[in-house]
Amino acid sequence: METIEREDGGRKMDVSGSVPPAKEGEPAAAPADPLAYEGVWRFTVPAVEESVPQARRAVRDLLGRQGVPADRDLVYSLLLIVSELVTNSVRHAALLSPQVAVEVAIGREWVRVAVEDNHPYRPKALEADFGQTGGRGLLLVREVTRESGGVCDVEHTSTGGKVIWAALPLAAPTG
């Protein structure tokens, strides 16, 4: 597994909504200084089964090392999502994508995990078929994300592959 590197100047994510939009005729509010745990990290793993626990450990260690204020349930949800997404890439995209990229973006109020591969197929969360032993990973990702008050999606990349991501709030959802 390659070293996790912080991306400075790379793709940025702002799902926090921490900077309110400017009112008409007023200058835009300046973004708050970044917190010590904020940043974007990306690493790649080979598209093999052994990479699933490696990716999970790398994300867990990153969250701890950065001092992200995430409770145990949030960390568990993020690690479950990473496991499911890397497993899907290993099982379904390895022929076209010998490497799988994992990105962790940590903002003031959100943690976003994303898994990217070079396979063009855009998967859909299938309905649970209780007669099968597999095939419910994306359904699980969608439900865990929803229950955590987060959002998830699948996007095509400029190189013809796809990235599947989930962003979960650091604070418990209110209401």
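Below, all heavy atoms of this structure are taken into account, side chains as well, without hydrogens, waters or symmetry copies. One is the number of the first residue; the rest follow in order along the sequence.
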Can you name the residues that form a side chain to side chain contact (heavy atoms under 4.5 Å, CB included) with [X], not counting sequence neighbours?
| X | result |
| --- | --- |
| T87 | V52, R91 |
| A94 | A47 |
| P69 | Y37, L170 |

- [ ] Taking the side chain as every heavy atom from C-beta outward, state whether F43 and V59 have any atom pair closer than 4.5 Å.
- [x] yes
- [ ] Side-chain contact test, heavy atoms from C-beta onward, threshold under 4.5 Å: evaluate it for V100 versus L85 and give yes or no.
- [x] no
For the residue pair [X] and [Y], what are the closest heavy atoms and their distance?
| X | Y | result |
| --- | --- | --- |
| H92 | H119 | O-CD2, 3.5 Å |
| W165 | A114 | CB-CB, 3.7 Å |
| P120 | L96 | CD-CD1, 3.8 Å |
| E143 | R146 | OE1-NH2, 2.8 Å |
| E84 | L140 | OE2-CD2, 3.8 Å |
| L168 | S148 | CD2-CB, 3.9 Å |

Open item on the list: Is there a path of hydrophobic side-chain contacts, each under 4.5 Å between heavy atoms, that joins V154 and I81?
Closed with: yes
Task: Residue of the set L139, V144, T145 for which side chain to side chain contact (heavy atoms under 4.5 Å, CB included) holds with R142 - done: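 Result: among L139, V144, T145, L139 is the only option passing the side chain to side chain contact (heavy atoms under 4.5 Å, CB included) with R142.
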Open item on the list: Whether the S89 and D117 side chains hold a donor-acceptor pair (N or O, under 3.5 Å, no angle test) is what I'd like checked.
Closed with: yes
[atom1]/[X] to [atom2]/[Y] distance, rounded to the nearest 0.5 angstrom?
| X | Y | atom1 | atom2 | value |
| --- | --- | --- | --- | --- |
| R56 | L80 | CZ | CG | 9.0 Å |
| L78 | L63 | CG | CG | 6.0 Å |
| E38 | E109 | CD | CD | 9.5 Å |

Open item on the list: Please determine whether side chain to side chain contact (heavy atoms under 4.5 Å, CB included) holds for the pair V115 and I164, giving the CA-CA distance in whole Å, both sets of side-chain angles, and the decisive distance to 0.1 Å.
Closed with: CA-CA 5 Å; V115 174; I164 305 174; 5.5 Å; no
Open item on the list: Are more than 12 heavy atoms, taken from residues, nucleotides or ligands other than E155, located less than 6.0 Å from that residue's CD atom?
Closed with: yes
- [ ] Starting from the C-alpha separation in whole Å, work towards a yes-or-no answer on side chain to side chain contact (heavy atoms under 4.5 Å, CB included) for L35 and I106.
- [x] CA-CA 10 Å; L35 298 172; I106 306 169; over 6 Å; no
